[in-house]
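Chain A is the first sequence line, chain B the second, and so forth, proteins listed ahead of strands; every chain is numbered from 1.
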Number of protein chains: 2
Amino acid sequence: MRDCRRPFRLVEPERMSACDTCIVRNRAICAGLEHPEITALSAMGRRRSVSAGEPLIWEDDDSLLVANVIEGVLKLTTSTADGREQIVGVAYPSDFIGRPFGQTSAASVVALTDARVCVFARNDFDRFAREHPELEHKLLERTLAELDRTRAWMMPLGRKSAPEKIATFLLDMSERLADNGCMAHTGPARNFTLPFSRQQVADLLGLTIETVSRQFTKLKADGVVALPGRRDVEILDRSALEMLAG
Amino acid sequence: MRDCRRPFRLVEPERMSACDTCIVRNRAICAGLEHPEITALSAMGRRRSVSAGEPLIWEDDDSLLVANVIEGVLKLTTSTADGREQIVGVAYPSDFIGRPFGQTSAASVVALTDARVCVFARNDFDRFAREHPELEHKLLERTLAELDRTRAWMMPLGRKSAPEKIATFLLDMSERLADNGCMAHTGPARNFTLPFSRQQVADLLGLTIETVSRQFTKLKADGVVALPGRRDVEILDRSALEMLAG
DNA sequence: GTTCCAGTTTGATTTCGGTCAAGGATCGTA
DNA sequence: TACGATCCTTGACCGAAATCAAACTGGAAC
């Protein structure tokens, strides 16, 4: 992840905060906030590390905290009583997680990789957001984009076959895992490392781990992708993948 | 749909607008706006009727308009090139539709029943919203709730069996089609009329029309529901339905 | 009433993806 | 480098839902 802070600016020492050196400072919802607002927000929040597999928010629990993702990848999931799981969202650096303005969280949030987040007590954040329309606007834009993305994902889930799901997933990953720093778009990645285990890919696509494995093997056998490591993907024939995605 | 306007208030005749008699005035995002804001908003919008089956917004088209639903039910859908369809959302009276702050619409919007909507040019609406934080806040709350609802629907789509999907669907309909006027909650409806054909239920659940039909027939045979008309449902054994929903 | 027709139901058959079971690869740790 | 645990792959088989096909139903128009 490329660092893309604004050019360094001198600030009075007592106003120096973690935000000034935050690597997602210009991409997260706090972008655009200036002193003294950023100082006030910074005072409310604290940084936290979450190791891979560790939960941050529990489904149906009281919504007590919200956060910005600084580093790492987290999954949002819902589960049934008998243990079936569906991944309903994935949060990358600069993404916002948690449920502001609501009593309960509809999904669990669990780190997929070691992650760092910038957490806020939800009621503090709610109050601050209501007093800062620019922040609320950023949050609205982000929420609308996430809603679009979530709806777009319902098509593969409900209507696509296993091969189509896998191809759609790989193309999606190739775009989201492209270097999304501050430089000009570099286009979709040809090589990338999935933040998911096979089981997690299955939970994202509504398949079983065996079916996911078989589809990966098939793509490799057909020369569409190379799989140099358990989680590494190299796209050898993008147009074939696009055809398969339907 | 019960009328639930605020108590009648005298206003100067020249300020009288359609909003003053709007049946969703207190539930849509315009709730809370007072004169002269409501007058300004009203001047930007116009009412439109959409008959059942008629489209209002096309997928991937430029996002030119947004709207409040006044009356009727509309579906939001995405389609593949080969004609498969997935319903990704359903809009009821007082719901907001369209994609503000974005260039293109991610889903088509088509009326399921005859409907009336209050439409705005998107760029007019965007400008007005940015100048009225209270309106943006309402839109944010609504978008967050819709995101929760959409994510919750991914579990049935990806992980549930056909009988579970149908049971989940009927329970959901029973709640959303309950009298949602201004009176105290009356609880889920026991009798209701679906705004969907069998094919549309299939498009919502990621099933085929035949499977939907068979599942309905089974529920009737088992005495869980009665089906007095093509689209009419009476829930005879709610706890059985809840068991089946998983 | 009769006809027409879209929408729905029912039946027969197929197939895709799930389930069950076993074996293999990879990684962290000692 | 050996061990163990976890994750992944592969195979055999099964079953739920899709597909293909045909018959039925209930309004709308005449």
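Rounded to whole Å, atom P of D/dA16 lies 15 Å from atom NZ of B/K165. Computed from coordinates, the B/E164 CD to D/dA17 P distance equals 9 Å when rounded to whole Å. Rounded to whole Å, atom P of D/dA17 lies 13 Å from atom NZ of B/K160. Following rounding to the nearest Å, B/E210 (CD) and D/dA16 (C1') show an atom-to-atom distance of 14 Å. Rounded to a whole Å, the CG atom of B/L219 is 12 Å from the P atom of C/dT9. Rounded to whole Å, the distance from CG on A/D232 to P on D/dC8 is 12 Å. Atom pair B/R230:CZ and D/dC24:P shows a separation of 15 Å (rounding to whole Å applied). For B/I209 and D/dC24, the CD1 to C1' distance is 14 Å, given to the nearest whole Å.
Between A/R198 and B/L207, the residue anchored closer to the 5' end of DNA chain D is A/R198, taking for each the nucleotide with the nearest heavy atom.
Using a cut-off of 4.0 Å between Lys/Arg side-chain N and Asp/Glu carboxylate O, B/R47 and B/E71 are scored as not salt-bridged.
At least one side-chain nitrogen or oxygen of A/S213 sits closer than 4.0 Å to the OP1 or OP2 atom of D/dT9. A sub-4.0 Å separation between OP1 or OP2 of D/dA17 and a side-chain N or O of B/R214 is absent.
In terms of polar N and O atoms assigned as donor or acceptor, the side chain of B/R231 never comes within less than 3.5 Å of the base of C/dG7 in a complementary pairing.
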